[in-house]
Amino acid sequence: EEFVGKVSKKKLYQEAVRVFKPYFKEVMPTMKVLESERYLEIDVPEGMYKNPSNFGKIRLTGTFDRLYEINGELVIGDLKTSSKTISSAIEKSDILQEHEARIHEARKEILSFEKILSKFSHAEENLAEYQAQLEDVSTALEDAIANKKATKSLENKREKLLGEIDKWHEHQQAVVQAELKKMELVEKLATLEEQCKPFKEEKKTKKAQADLDECKKAHSFQVALYSLMYMIVTGKEVKKVRLENIVKNKEIKIQVFEWELDEATMERA
């Protein structure tokens, strides 16, 4: 709708290709399609009326998008395009929140030690460099004393180098400690993440079910009607339906939902 009257047909085609290319590349090659864009038209059968004299007064028409065969079963498929994912929010369990908080804290600590390692990454080289300079200055100082020359400048330089050596020695020790601490934390993090897996999987399962329920809430009646019409027209049984949602944001995302037709929805249809 946002393109109508605002862009050329070429741009419209380009957008259609952008949206549908992933679908035909990722979804369709794996599916056995028996029919596509099937138009149906039926008079509601007399047996479905509480009052048979109403027979012939209601006609249902519709076009379903796909008829698949999945594991030997007929599946009515409906294709949607939307700017939003079909999604439902669920709360994290207390134990998952606790594990994630501990994981976050461990990662934060690892990051703090990585900063120390990065800041003093040249500690060993700098320490070796200053020690080498100290040896040269100490040799020069000994020569100066032996030759009764001025030593003040060399002594000052020596003191300064000793200070630098002490400082970089501390930095080197900090690096060693940081590496040990980081190793411990990396091991701890791996354990925490392993412990967290079942709770993440549990949440993932609940989220998938909640998303499916959201999808069924919005679309189950429509696909049930398609299925009912198809069964009346062909006499073939349809037990399962499938909804494919192409989310047309900057990055194309494809959601696929499949579910068994439940008795309550079919009764309502």
Side-chain angles (χ1 to χ4, degrees), residues 22 25-27 29-30 84-142 153-215 245 247 249-258:
K25 194 175 179 181
E26 297 168 25
V27 177
T30 64
K84 295 180 180 178
T85 57
I86 297 170
S87 181
S88 181
I90 63 162
E91 290 185 7
K92 293 179 182 177
S93 65
D94 291 342
I95 194 162
L96 177 57
Q97 289 185 61
E98 184 186 333
H99 272 80
E100 286 184 340
R102 290 169 68 190
I103 286 169
H104 175 73
E105 195 58 39
R107 284 177 178 160
K108 194 174 168 184
E109 285 188 72
I110 288 170
L111 187 61
S112 70
F113 287 118
E114 282 177 346
K115 284 179 180 177
I116 293 171
L117 292 170
S118 176
K119 186 177 180 181
F120 303 124
S121 59
H122 301 296
E124 197 168 336
E125 294 92 324
N126 289 349
L127 180 60
E129 175 63 26
Y130 283 121
Q131 284 174 336
Q133 289 181 32
L134 180 63
E135 285 181 19
D136 292 342
V137 170
S138 296
T139 300
L141 185 59
E142 287 172 6
S153 175
L154 289 169
E155 285 172 354
N156 289 341
K157 197 169 183 180
R158 184 173 178 275
E159 284 303 313
K160 191 175 179 181
L161 286 168
L162 285 169
E164 288 292 333
I165 286 168
D166 285 343
K167 183 176 76 174
W168 284 101
H169 181 71
E170 286 178 12
H171 293 339
Q172 186 193 36
Q173 291 303 307
V175 166
V176 171
Q177 289 300 314
E179 283 177 341
L180 290 171
K181 287 285 186 184
K182 183 187 169 184
M183 284 170 64
E184 288 175 15
L185 284 165
V186 166
E187 197 173 315
K188 178 183 175 183
L189 179 61
T191 302
L192 285 171
E193 286 177 335
E194 193 62 34
Q195 290 172 347
C196 193
K197 272 183 185 178
F199 305 111
K200 278 188 173 180
E201 283 300 316
E202 182 185 31
K203 188 207 167 192
K204 188 178 175 183
T205 302
K206 285 182 179 178
K207 178 74 170 74
Q209 185 58 51
D211 290 349
L212 176 60
D213 291 341
E214 192 70 22
C215 177
N245 186 37
V247 187
N249 292 326
K250 190 174 180 181
E251 293 292 324
I252 300 300
K253 179 181 178 181
I254 301 169
Q255 295 180 288
V256 175
F257 299 93
E258 284 184 17

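As a basis for the values below, the full set of heavy atoms in this structure was taken, side chains included, without hydrogen atoms, waters or symmetry mates. If you read the sequence from its start, that first residue is 1, and numbering goes on from there.
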Between Q131 and E135, does a side chain to side chain donor-acceptor pair (under 3.5 Å) hold up when you go through it step by step?
CA-CA 6 Å; Q131 284 174 336; E135 285 181 19; over 6 Å; no

Is a salt bridge present between E155 and R158, judged by a nitrogen-to-oxygen distance below 4.0 Å?
no

Among K200, Q195, E194, which residue meets the side-chain contact (heavy atoms from CB on, under 4.5 Å) test with K197?
E194

Nearest-0.5 Å distance, CD of residue Q172 to CG of residue N126:
10.5 Å

For E179 and K182: C-alpha separation, side-chain torsions, deciding distance, then whether salt bridge (Lys or Arg N to Asp or Glu O under 4.0 Å) applies.
CA-CA 5 Å; E179 283 177 341; K182 183 187 169 184; over 6 Å; no

Check whether any side-chain heavy atom of K167 lies under 4.5 Å from a side-chain heavy atom of H171, and answer yes or no.
yes

Tell me, with the steps shown, if K206 and S93 meet side chain to side chain donor-acceptor pair (under 3.5 Å).
CA-CA 11 Å; K206 285 182 179 178; S93 65; over 6 Å; no

Working to the nearest 0.5 Å, report the span between CG of L134 and CD of E164.
11.5 Å

Mutual orientation of the aromatic rings belonging to H99 and F199 [parallel < 30°, tilted 30-60°, perpendicular > 60°]
tilted

Hey, are the side chains of V247 and I254 touching, using non-hydrogen atoms and a 4.5 Å cut-off?
no

SG of C215 to CG of N245, rounded to nearest 0.5 Å, is 7.5 Å

Supply the atom-to-atom distance D136 CG to L154 CG, rounded to the nearest 0.5 angstrom.
11.0 Å

I'd like to know if the side chain of D211 and the backbone of S88 have a donor-acceptor N/O pair within less than 3.5 Å.
yes

Looking only at heavy atoms, the pair that brings I116 and A174 closest together is CG2-O, 4.2 Å

I need the L185 CG to L180 CG distance, nearest 0.5 Å.
11.0 Å

Do any N or O atoms from the side chain of S118 and from the backbone of K115 form a donor-acceptor pair under 3.5 angstrom?
no

Using the side-chain contact (heavy atoms from CB on, under 4.5 Å) rule, take E105 and E109 through it: C-alpha gap first, then chi angles, then the decisive distance, then the call.
CA-CA 6 Å; E105 195 58 39; E109 285 188 72; 4.2 Å; yes

Please determine, by modelled atom types, if S87 and K207 share a side-chain donor-acceptor pair under 3.5 angstrom.
yes

Looking at E124, I'd like to know if its CD atom is crowded, meaning that more than 12 non-hydrogen atoms belonging to other residues, nucleotides or ligands lie closer than 6.0 Å.
no

Inspect the surroundings of CD in E187 and state if more than 12 heavy atoms from other residues, nucleotides or ligands are less than 6.0 Å away.
no

Quick one: CD on E202 to NZ on K92, what's the gap to the nearest 0.5 Å?
13.5 Å

Answer yes if the side chains of Q133 and E129 hold a donor-acceptor pair under 3.5 Å, and no otherwise.
yes

Would L212 and Q209 count as a side-chain contact (heavy atoms from CB on, under 4.5 Å) if you check the C-alpha gap in whole Å, the side-chain angles of each, and the deciding distance to 0.1 Å?
CA-CA 5 Å; L212 176 60; Q209 185 58 51; 4.1 Å; yes

